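All remarks here apply to the structure that follows.
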Amino acid sequence: MTLLSLNGTVAGEWGLLGENEAPAEGANVAVSLERFLSAEEEFFESAGAVGVLVDTETSYTDLAPLVNKLSFVAIDFPAFTDGRGFSLAVRLRKDLGFKGEIRATGHAIPDQALFLLRAGFDTAEVADERKEAFENALSRFSNFYQADYQGRASVAHERHTPNEHRKAS
Amino acid sequence: MAKKLKGPQMILANYLDDGRVVFFTEAGGWSASPTEAAYAEEDAADALLAEANKSTASNLIVGAELIGATITDGKPFPSHMKHVMQAKGPSVRLDLGYQVSTDWEAR
Amino acid sequence: MYAYDAYDHALVKSRVAEFRDQVERRVKGELTEEEFRPLRLMNGLYLQLHAYMLRVAVPYGTMSADQMRRLAHVARKYDKGYGHFTTRQNIQYNWPKLSETPDILDELAEVEMHAIQTSGNCIRNVTTDQFAGATADEVADPRPYAELLRQWSTFHPEFSFLPRKFKFAITGAATDRAAVKWHDIGLIVKKNDAGEIGFEVLVGGGMGRTPVIGKTIREFLPEADFLSYQEAILRVYNEHGRRDNKYKARIKILVEAMGVEEFQRQVEEEWQRIKHIPIDVPAEEIARINAFFTPPPLPVLDDNVPSVDDLARKNFVFASWLKNNTNPHKVPGHVNVTISLKPHGGIPGDATDAQMDLVAALADEYSQSEIRVSHEQNLILPHVAKKDLAAIWTDLDEAGLGTANVGLLTDMIACPGLDYCALANARSIPIAQAITKRFDDMKRLQDIGPLKVKMSGCINSCGHHHAGHIGILGVDRKGEESYQLLLGGSGAEDASKAAILGPGFNEHDIVDALEKVVAVYLGEREEGEEFLATYRRVGQQVFKEAVYDAA
């Protein structure tokens with residue numbers, strides 16, 4: 001597996017904490033949402049930064065109270081056809097104002113690269129042999145009918161923006 | 001999980017390239033003619049499917065499945081209505097099914 | 001009609017390149033069939049019984065003569081010389097090759113056509129009134145809003161992997177010719193007292209195994225909030241629609257499970273959060289799109305055209321065609337012509353490449369080069385001057401397109417059924433052929449009057465049998481084709497579900513059963529009363545007794 005950046009964000013190194021492991025001093029760690037919620041206040045104080053691993057069943061409302069403490073969210077796609085992952089990322093960015101790294105893991109396929117990017121994902125964990133297909137997919141389209149949460153205006157807005165103010169394609 | 005079929009079975013699939021219906025033959029190839037199909041029962045049918053799926057792996061066909069067959073004079077023909085339609089082509093345009101076209105060859 | 005700008009062209013072109021790449025990767029085995037299938041479906045490509053089937057979009061059922069000519073060309077070059085017009089105003093080709101589909105899409109892109117999202121668990125073609133922009137009974141042309149929806153829903157990053165397919169329909173007239181109450185989201189264009197445009201929003205309508213009529217969650221949604229509100233609905237559906245069971249995954253199931261009040265509350269709550277984000281387009285964009293739908297500059301002409309009346313007096317078929325196949329236009333002296341694709345004994349909704357070319361030629365000469373597709377599988381020439389009707393009819397009649405049965409019993413909707421479709425349980429087309437042959441008598445059809453017969457070859461209801469005045473559902477009964485009769489459905493503003501009459505019939509007896517239903521109607525009706533009204537007045541019992549009476 002390899003970590004692919006969708007938008008130039010450098011993928012962070014997040015060590016997956018073992019079952020009974022405690023975070024090392026200053027280490028960046030990732031844990032399941034359940035573990036994060038059940039841990040004592042002070043448990044993660046020694047960690048450098050903390051991220052959670054969630055999947056498409058997770059509701060953004062579960063993440064709402066935690067957002068200020070989180071630096072990283074990985075959303076796992078149990079199947080690439082499970083589109084809830086996209087809504088979850090959108091909610092993290094839009095509703096919760098999450099500014100940390102959002103990573104797609106699991107079964108997302110290369111052809112979804114731009115959807116991931118525009119829904120708010122920064123990075124994706126991809127099979128080595130699919131890295132090239134993901135990268136190709138990212139450059140497939142350069143304009144979009146919808147506004148996204150990375151700041152790109154939609155075609156509907158671009159059409160009426162004077163040339164000098166248009167974002168470069 | 002699909003129920004296991006009873007009785008004689010044959011294998012139906014579609015060519016990946018043009019979607020036409022083909023049947024797995026004794027020789028290990030594919031034919032548009034159902035009467036040229038291999039047929040078997042029980043475990044032997046499963047073994048036949050495993051053979052047929054080599055063509056799935058090589059991207060020649062898709063959707064290989066065991067279907068019920070009726071045997072007449074030692075030759076199989078699909079029993080279920082849907083597969084009969086697939087073997088014969090559309091009943092309302094007898095001129096159009098691949099069965100009548102001359103531009104195919106068994107692979 | 002809408003014309004692409006450089007952005008639209010680039011998007012469609014990129015999409016074709018993307019699909020070409022996907023096909024190559026599939027053939028090489030770099031994509032599994034499981035991965036490829038949703039991708040090809042999102043480009044309208046199904047694998048059906050005998051071959052692939054390509055469903056090309058006709059956005060909100062409007063196309064140009066040039067586009068129709070291209071559809072004819074595709075039928076000739078890549079298919080077997082014909083196409084099938086569908087209940088979602090699209091066209092289907094039944095014999096394309098996978099390897100040639102990118103080429104087909106390239107040729108379609110040249111004339112601003114595509115097959116984007118005509119299948120798959122995403123937002124499909126937005127359908128509308130086939131007379132939109134041309135009818136006297138319209139509040140406003142719904143098509144600019146259909147175009148807005150088309151763009152907003154195309155390659156939407158969040159809503160391309162929904163629990164299931166998603167269908168919008170929109171009407172601009174109180175007389176609903178778009179069956180909006182039978183759609184996942186139905187929209188009715190309205191004007192408030194200040195004359196401002198807004199929309200009634202209905203959700204959770206649908207057919208299939210569990211037919212449901214849509215419920216209103218917003219009486220008047222202002223134009224400026226149009227897209228963000230749809231986004232709110234889709235987000236609630238995407239998050240909460242069932243993904244464990246394909247048969248319970250449509251939004252209608254979610255609305256029933258949540259209750260419409262709770263669903264509405266969640267939508268409104270979500271909409272409050274997002275309405276200030278640039279989902280809605282700038283006013284300039286609405287104005288830009290509206291400009292494409294400016295009514296054509298038609299001269300006001302005399303509604304009274306003696307030459308037409310003369311021909312009608314002499315020729316009974318032309319008189320019937322005039323009566324049944326033309327509808328009033330906004331501009332005096334003009335009508336909208338419906339070309340019936342339901343010749344008696346023919347295949348409903350099919351047209352040959354030669355017929356498509358003829359329709360294109362007639363459109364160029366008589367209907368501002370514009371053509372519509374109706375959800376009842378017919379073609380329309382809008383904006384036709386009455387004085388041209390005799391010439392048009394003569395050409396249509398010669399080409400087998402002159403059947404004067406629009407709105408009558410033999411103007412049946414029928415899905416392709418088990419002759420073509422991998423989902424079907426029974427054949428539809430031969431039944432339609434038998435029925436239309438049995439009723440091949442214009443005087444008789446005229447006497448029976450308006451009657452919508454709709455047939456599906458399986459419970460997926462592509463033939464809209466739940467919304468038929470008379471519906472027919474083909475089922476598989478112990479390996480044999482069996483046909484059930486349903487009565488009293490409607491797809492119009494008075495939407496209702498057809499009710500099943502009793503046990504099914506074989507392919508011969510269903511035609512007799514239908515005749516008995518018609519006979520009961522003729523016996524029971526009051527002066528000038530149409531079938532649906534009679535049925536609703538007298539109820540099912542008298543029909544049931546007649547049809548199932550052993551004597």
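Letters go in sequence order (proteins before strands), and every chain restarts at 1. Keep in mind the model is a prediction, meaning the values are calculated, not measured. Excluded from the calculations below are hydrogen atoms, water molecules and symmetry mates; all remaining heavy atoms, backbone and side chain alike, are included.
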As an exercise, state the distance from [atom1] of [X] to [atom2] of [Y], rounded to the nearest 0.5 Å.
X      : Y      : atom1 : atom2 : value
C/Y7   : A/E158 : OH    : CD    : 4.5 Å
A/R140 : C/F19  : CZ    : CZ    : 12.0 Å
A/H160 : C/R288 : NE2   : CZ    : 5.5 Å
C/S160 : A/L114 : OG    : CG    : 11.0 Å
C/R25  : A/I109 : CZ    : CD1   : 7.5 Å

**Request:** Give me the ring orientation class for A/F86 and C/F161: parallel if the planes are under 30° apart, tilted from 30 to 60°, perpendicular past 60°.
**Result:** parallel
**Item:** Side-chain H-bond candidate by donor/acceptor type, C/E158 with A/S87, under 3.5 Å
**Value:** yes
If you draw a 6.0 Å radius around [atom1] in [X], do more than 12 non-hydrogen atoms from other residues or ligands fall strictly inside?
X      : atom1 : value
C/K165 : NZ    : yes
C/E24  : CD    : yes
C/H240 : NE2   : yes
C/K13  : NZ    : no
A/K131 : NZ    : no

**Asked** Stepwise, does the salt bridge (Lys or Arg N to Asp or Glu O under 4.0 Å) test hold for C/E239 with A/R91?
**Response** CA-CA 11 Å; C/E239 289 179 326; A/R91 294 271 199 190; 2.7 Å; yes
Considering only heavy atoms, which portion of [X] lies under 4.5 Å from any heavy atom of chain A: side chain, backbone, both, or neither?
X      : answer
C/L11  : both
C/Q22  : side chain
C/I274 : side chain
C/E270 : side chain
C/A17  : both

**Request:** Grab the two heavy atoms, one from A/Q146 and one from C/T154, that are nearest each other, plus how far apart they are.
**Result:** NE2-O, 2.7 Å
**Least distance between heavy atoms, C/P157 atom then A/A119 atom** = CB-N, 4.4 Å
**Message:** Quick check on the 6.0 Å ring-centre criterion: do A/F141 and C/F155 meet it?
**Reply:** yes
**Item:** Check against salt bridge (Lys or Arg N to Asp or Glu O under 4.0 Å), C/R235 and A/D95
**Value:** CA-CA 13 Å; C/R235 182 157 301 125; A/D95 290 19; 5.8 Å; no
**Asked** Should A/V155 and C/E285 be marked as a side chain to side chain contact (heavy atoms under 4.5 Å, CB included) after you check the CA-CA gap, both sets of side-chain angles, and the distance that decides it?
**Response** CA-CA 10 Å; A/V155 159; C/E285 179 66 358; 5.8 Å; no
**Item:** Expected output: side-chain C/R243 to main-chain A/T81 donor-acceptor under 3.5 Å
**Value:** yes
**Prompt:** Just by distance, do the side chain of C/N238 and the backbone of A/G83 share a donor-acceptor pair under 3.5 Å?
**Reply:** yes
**Greatest number of heavy atom pairs closer than 4.5 Å to chain C - which of A/D82, A/T56, A/L88** = A/D82
**Item:** Part of A/E129 lying under 4.5 Å from any heavy atom of chain C
**Value:** neither
**Proximity breakdown for A/A133 and chain C, heavy-atom pairs closer than 4.5 Å** = side chain
**Request:** Decide side chain to side chain contact (heavy atoms under 4.5 Å, CB included) for A/R130 and C/L31; before the verdict, give the C-alpha distance in whole Å, the side-chain angles of both, and the deciding distance to 0.1 Å.
**Result:** CA-CA 10 Å; A/R130 291 199 146 173; C/L31 276 171; 4.1 Å; yes
**Message:** I'd like to verify something: which residue of C/I279, C/L39, C/V281 has the highest number of heavy-atom pairs under 4.5 Å with chain A?
**Reply:** C/L39
**Request:** Show your reasoning for whether side chain to side chain contact (heavy atoms under 4.5 Å, CB included) applies to C/R150 and A/Y145.
**Result:** CA-CA 9 Å; C/R150 184 187 77 81; A/Y145 280 130; 3.9 Å; yes
